[in-house]
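Here's the structure, in structure tokens; my notes come after.
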Amino acid sequence: MKIREIAALAKAQVYCCEEFLDGEVHSACGSDMMSDVLAFVKDQGLLITGLVNPQVVRTAEMMDMRAILFVRGKKPTPEILALAKQCEIVIMASELRMFEACGTIYESGLKGGVLQ
Amino acid sequence: MSAPLVYRYDIDGENFTSAGEASVKVKKSLRQLGLSQDIIRRVSIAMYEGEINMVIHANGGCATVSVYPEKIEIVLDDKGPGIPNIDLAMQEGFSTAPERIRSLGFGAGMGLPNMKANTDEMKIETTVGVGTKITMTVNVNR
């Protein structure tokens with residue numbers, strides 16, 4: 001699924017790296033616990049989270065993820081955006097709650113993928 | 001064994017925001033060296049978990065990454081409080097991280113087990129009140 005389609009499904013605002021919106025991701029992970037993302041994620045290209053701090057971007061970078069969707073109306077800080085630009089990770093933010101965001105995107109075809 | 005390529009980083013223990021900076025740099029360097037994505041990811045995850053641990057528990061420390069043709073060695077050295085019970089610390093879910101760290105998305109007790117899972121060898125040398133040295137190796141299959 002294109003990152004652009006995910007943004008549309010989640011009615012999300014795109015905050016940076018718009019040039020990568022046509023990039024494809026094949027699975028996603030939803031978590032507010034970065035420890036678990038680091039321990040359980042394998043090939044998920046999209047991180048859906050309600051946690052807002054720079055470690056979210058570093059975690060996504062470590063896992064080779066291409067996009068982050070902040071949920072529950074959380075907004076990325078300038079620090080987060082600067083780091084995401086460096087790492088070429090698309091940052092989006094949606095008013096949807098985690099459950100709704102995951103459900104909507106899953107229902108449209110993006111799956112959970114392989115776990116470690 | 002030929003001389004390794006060595007990267008050294010001081011890990012700032014004062015600032016949780018900057019934790020992980022060294023791991024991002026290592027990842028970029030390993031990409032430039034043309035290593036496989038799987039190897040790069042394993043090294044990055046192990047080092048990032050270690051870096052976060054050093055910031056949470058040990059007020060920072062020093063990280064050294066040595067790239068040999070056949071392996072990558074990561075040494076994390078700190079002068080923190082030491083680990084009183086390594087077996088307990090290696091148990092998934094065991095954590096002594098404060099609530100403040102959990103609210104930042106870490107401290108689930110997955111750090112050390114995840115470092116072991118992503119590396120081929122891991123050695124922990126620790127003395128309570130003196131510090132901890134963790135040596136991890138990832139073998140490179142070319």
Side-chain angles (χ1 to χ4, degrees), chain A residues 17 23-27 29-66 68-72 74 76-89 91 98 113-116, chain B residues 11-12 15-31 35-53 55-56 74 90-97 99-119:
Chain A
C17 299
E24 291 272 349
V25 295
H26 303 287
S27 56
C29 164
S31 179
D32 286 351
M33 202 68 193
M34 295 303 108
S35 291
D36 284 346
V37 175
L38 287 164
F40 297 110
V41 164
K42 188 158 171 65
D43 282 315
Q44 285 78 347
L46 169 69
L47 176 60
I48 305 168
T49 186
L51 184 73
V52 182
N53 69 52
Q55 298 307 340
V56 174
V57 181
R58 291 212 180 87
T59 299
E61 161 71 1
M62 291 303 138
M63 307 312 288
D64 300 311
M65 291 170 142
R66 308 185 66 178
I68 298 169
L69 173 63
F70 291 110
V71 291
R72 302 196 288 271
K74 303 292 174 71
T77 60
E79 203 173 17
I80 287 176
L81 295 178
L83 199 55
K85 280 177 196 161
Q86 274 176 35
C87 299
E88 302 185 343
I89 293 174
I91 299 289
M98 172 73 92
V114 182
L115 290 179
Q116 248 178 6
Chain B
I11 312 297
D12 178 6
N15 187 357
F16 187 78
T17 301
S18 66
E21 276 179 1
S23 303
V24 172
K25 285 180 190 160
V26 164
K27 185 161 193 179
K28 282 188 179 139
S29 301
L30 295 181
R31 272 193 195 133
L35 288 146
S36 76
Q37 193 184 24
D38 177 58
I39 297 287
I40 294 172
R41 192 185 295 181
R42 287 171 58 204
V43 170
S44 305
I45 293 171
M47 176 154 171
Y48 184 51
E49 292 273 24
E51 212 185 324
I52 294 279
N53 273 350
V55 174
I56 296 175
I74 308 153
M90 287 302 297
Q91 279 180 21
E92 288 188 5
F94 177 82
S95 175
T96 57
E99 186 53 40
R100 177 179 60 84
I101 296 298
R102 288 174 204 254
S103 69
L104 293 168
F106 291 88
M110 295 303 294
L112 282 172
N114 202 26
M115 286 156 71
K116 188 174 173 64
N118 278 285
T119 52

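By convention in this document, chain letters (A, B, ...) are assigned in the order of the sequence lines, proteins followed by strands, and residues within each chain are numbered from 1.
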Can you say whether [X] sits under 4.5 Å from chain A via the side chain, the backbone, both, or neither, judging by heavy atoms?
X	value
B:I40	neither
B:R42	neither
B:E92	neither

### Message
So, taking the atom named CD1 in B:I45 and the one named CE in A:M63, what distance separates them when rounded to the nearest 0.5 Å?
### Response
3.5 Å
### Query
Between OH of B:Y48 and CE of A:M34, what distance do you get to the nearest 0.5 Å?
8.5 Å
### Query
Is the closest side-chain heavy-atom distance between A:D36 and B:M110 below 4.5 Å?
yes
### Residue A:T49 versus chain B: region with a heavy atom under 4.5 Å
neither
### Query
So does B:K116 have more than 12 non-hydrogen atoms from other groups sitting under 6.0 Å from NZ?
no
### Query
Quick check: are there more than 12 heavy atoms from other residues, nucleotides or ligands sitting under 6.0 Å from CD of B:Q37?
no
Minimum heavy-atom separation for [X] to [Y], with atom names?
X	Y	value
B:K27	A:E61	NZ-O, 2.6 Å
B:N114	A:L38	ND2-O, 2.9 Å
B:L104	A:N53	O-ND2, 3.1 Å

### Message
Restricting to side-chain contact (heavy atoms from CB on, under 4.5 Å), what partner residues turn up for B:S103, sequence neighbours left out?
### Response
none
### Pick from B:S44, B:A19, B:S23, B:G111 with the largest number of heavy-atom pairs that fall under 4.5 Å of chain A
B:A19
#### Entry: Backbone of B:T17 reached by a side-chain donor or acceptor of A:R58 within 3.5 Å
yes
### Query
Which is it for B:R102 and A:D32 under the salt bridge (charged side-chain N to carboxylate O under 4.0 Å, His left out) test, yes or no, and what are the steps along the way?
CA-CA 10 Å; B:R102 288 174 204 254; A:D32 286 351; over 6 Å; no
### Task
Could you check which of A:D64, A:V37, A:L83, A:T59 has the highest count of heavy-atom pairs closer than 4.5 Å to chain B?
A:D64
### Message
If the condition is ring-ring contact (aromatic ring centres under 6.0 Å, His included), which residues does B:F106 pass it with, not counting sequence neighbours?
### Response
B:F16
### Query
Would A:Q86 and B:V24 satisfy side chain to side chain contact (heavy atoms under 4.5 Å, CB included), going step by step from the backbone distance to the final call?
CA-CA 10 Å; A:Q86 274 176 35; B:V24 172; 5.6 Å; no
### Query
Stepwise, does the salt bridge (charged side-chain N to carboxylate O under 4.0 Å, His left out) test hold for A:K42 with B:D38?
CA-CA 10 Å; A:K42 188 158 171 65; B:D38 177 58; 5.0 Å; no
